[in-house]
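All ligand and atom numbering here is 1-based and tracks the order in the structure. Numbers here simply count residues along the sequence, with the first being 1.
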Amino acid sequence: MKNKSKLKIADLGEFGFISWFSPAFTKNLPPQLTGIGDDCAVIPWRGTKRLLVTTDLLIDGVHFLKDKILPADLGYKSLAVNLSDIAAMGGTPRWAFLSAAIPPETEMTWLKAFFSGWRHLSSRTEVYLLGGDTTRSHNNLVINVVVLGEAQEKLIKYRSGARPGDLVAVTGNLGDSEGGLRLILQNSRKHQLTSREKYLIRRHYLPRPQLEEGQFLAHQPEVRAMMDISDGIDSDLRRIMESSGCGVKINLENLPVSPALRHCCRKYGWNLEEVAAAGGEDYCLLLTVNPKNFSTLAARFYRRFGRRLRAIGTITANRGKLVYLKENRLVKLKKTGYDHFSLRSKP
Ligand code: ADP
Ligand code: MG
């Protein structure tokens, strides 16, 4: 056991740290207030409406590489990752605040492109930028975004709603963003990118927040828990297990993967299942569904979005246990989901 005075945050990990400090702030909250622990905070507001609030921090060298990402893509992505958290609760995003610590040598053309990328998404989603803060940074570019949204109280989906027997489902392909990130990091050799590779890189830089899907699923009573996939299902499923007090069984052969990712895994020798299960930043939705209603829900989802809602596993009563099966055999993954303080660092 480590000497307590020498314990570092890296020993706890990101999620160990959050569960260490948060109980003091989550107990004794006034009724109907949801604080730390879900994709958004939920605040009573205007009768049956609820205000949703989410924030994300993006730092050069940790979440992106300023020398590699196009400024317009960074502007888009800074807003997109926050909208994804509103989608995860089934809400509608409305207002944003943008704070930035900017190195003084940053060129105005770069900043102009950043805002054009932001506006591309904000005008499409009708999210108004209402404020923020600006300061000089002596080191890296730091961006913090806060987004506020709204939802009807009864429709909000939390991470805590999963029950044993529920089917676990996802609304999109897994691992594309991780594949794109790997290509960005290995492409110093400047080889000509194929169209499949460009597709994966686009999926990393320009994730689409699944707002319509989130709102549609929020209206379905058979959907019991929902969150967005930001750290990879391996990590994100653990958040559902903690909040719902359950376990999960995942069938690896059911993870939906794109033909582009499949191709690149073969070409570069990546382990497809590990990329799909442990890779982060796909920003599609992860949900649990009453098994009795899954097939009708999946059919309606298909009619509405033209894509399959994919069942990838089952919620179990085996509290805290996440197991992977392949052809009904237990398998262990070498890579696990993203944690900011784990040794595997990003980007
Ligand atoms: P997400 O990936 O959906 O943005 P996170 O995994 O980053 O969520 O965070 C999990 C929960 O912990 C969220 O409710 C978030 O608001 C909360 N949280 C994370 N860091 C802090 C912090 N430093 N102070 C207060 N709450 C935090
Ligand atoms: Mg989230």
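Proximity annotation for atom 8 (O) of ligand 1: of Arg159, Met227, Glu14, Arg159 comes nearest, heavy atoms only. Heavy-atom proximity to atom 26 (N) of ligand 1, evaluated over Ile36, Thr34, Asp228, is greatest for Ile36. Between the choices Asp231, Val53, Asp85, Asn82, the shortest heavy-atom distance to atom 1 (P) of ligand 1 belongs to Asp85.
Residue Asp39 has at least one heavy-atom neighbour below 4.0 Å for each of these atoms of ligand 1: 3 (O).
A pairwise comparison of heavy atoms in Glu222 and Leu297 identifies OE2-CB, 4.0 Å as the closest pair.
Neither the backbone nor the side chain of Phe25 has a heavy atom within less than 4.0 Å of ligand 1. Counting heavy atoms closer than 4.0 Å to ligand 1, residue Ile18 contributes side-chain atoms (C-beta onward) but none from N, CA, C or O. The proximity of Asp38 to ligand 1, defined as any non-hydrogen pair under 4.0 Å, is limited to the backbone.
Taken to the nearest 0.5 Å, the CD atom of Glu274 stands 11.5 Å off from the CG atom of Leu255. Note that the OG atom of Ser258 and the OH atom of Tyr199 stand 5.0 Å from one another [nearest 0.5 Å]. Considering CG of Leu287 and CE of Met226, their distance stands at 7.0 Å, rounded to 0.5 Å. Between the NZ atom of Lys8 and the NZ atom of Lys6 there is a distance of 8.0 Å, given to the nearest 0.5 Å.
Distance check for Asp39 against the Mg ion (ligand 2): an N/O/S atom falls below 2.8 Å.
For atom 16 (O) of ligand 1, the nearest protein heavy atom lies 4.0 Å away or farther. Distances from atom 19 (C) of ligand 1 to the protein include at least one heavy-atom value under 4.0 Å. By the definition of a contact as any protein heavy atom under 4.0 Å away, atom 5 (P) of ligand 1 is not in contact.
Connection of Leu141 to Leu111 is established within a shared hydrophobic cluster, with ILVMFWY side chains joined at heavy-atom distances below 4.5 Å, either directly or through further cluster members.
Ligand 1 lies nowhere less than 4.0 angstrom from a heavy atom belonging to Met89. The shortest heavy-atom distance from Phe15 to ligand 1 is under 4.0 Å. Using a non-hydrogen distance threshold of 4.0 Å, Phe21 registers as a contact of ligand 1.
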**Study point:** Criterion side chain to side chain donor-acceptor pair (under 3.5 Å) on Asn144 and Ser99, from CA distance to verdict
**Key:** CA-CA 5 Å; Asn144 173 244; Ser99 298; 4.7 Å; no
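In this pair, Phe301 and Phe305 present their aromatic rings tilted. The plane angle is within the 30 to 60° band. By the 30° and 60° cut-offs, the orientation of the rings of Tyr268 relative to Trp270 is parallel.
The Mg ion (ligand 2) sits nearest to atom OD1 when only the N, O or S atoms of Asp85 are considered. The closest approach of Asp228 to the Mg ion (ligand 2), by N/O/S atoms, is made by OD1.
For the pair Gly37 and ligand 1, the shortest N or O to N or O distance falls below 3.5 Å.
Counting only heavy atoms of the protein, atom 2 (O) of ligand 1 lies nearest to Ser230 OG, 3.2 Å.
Of the residues listed (Glu150, Gln32, Glu153), the one engaging Trp45 in a side chain to side chain contact (heavy atoms under 4.5 Å, CB included) is Glu150, and it is the only one.
By the 4.5 Å heavy-atom criterion applied to side chains, Lys154 and Arg50 are not counted as neighbours.
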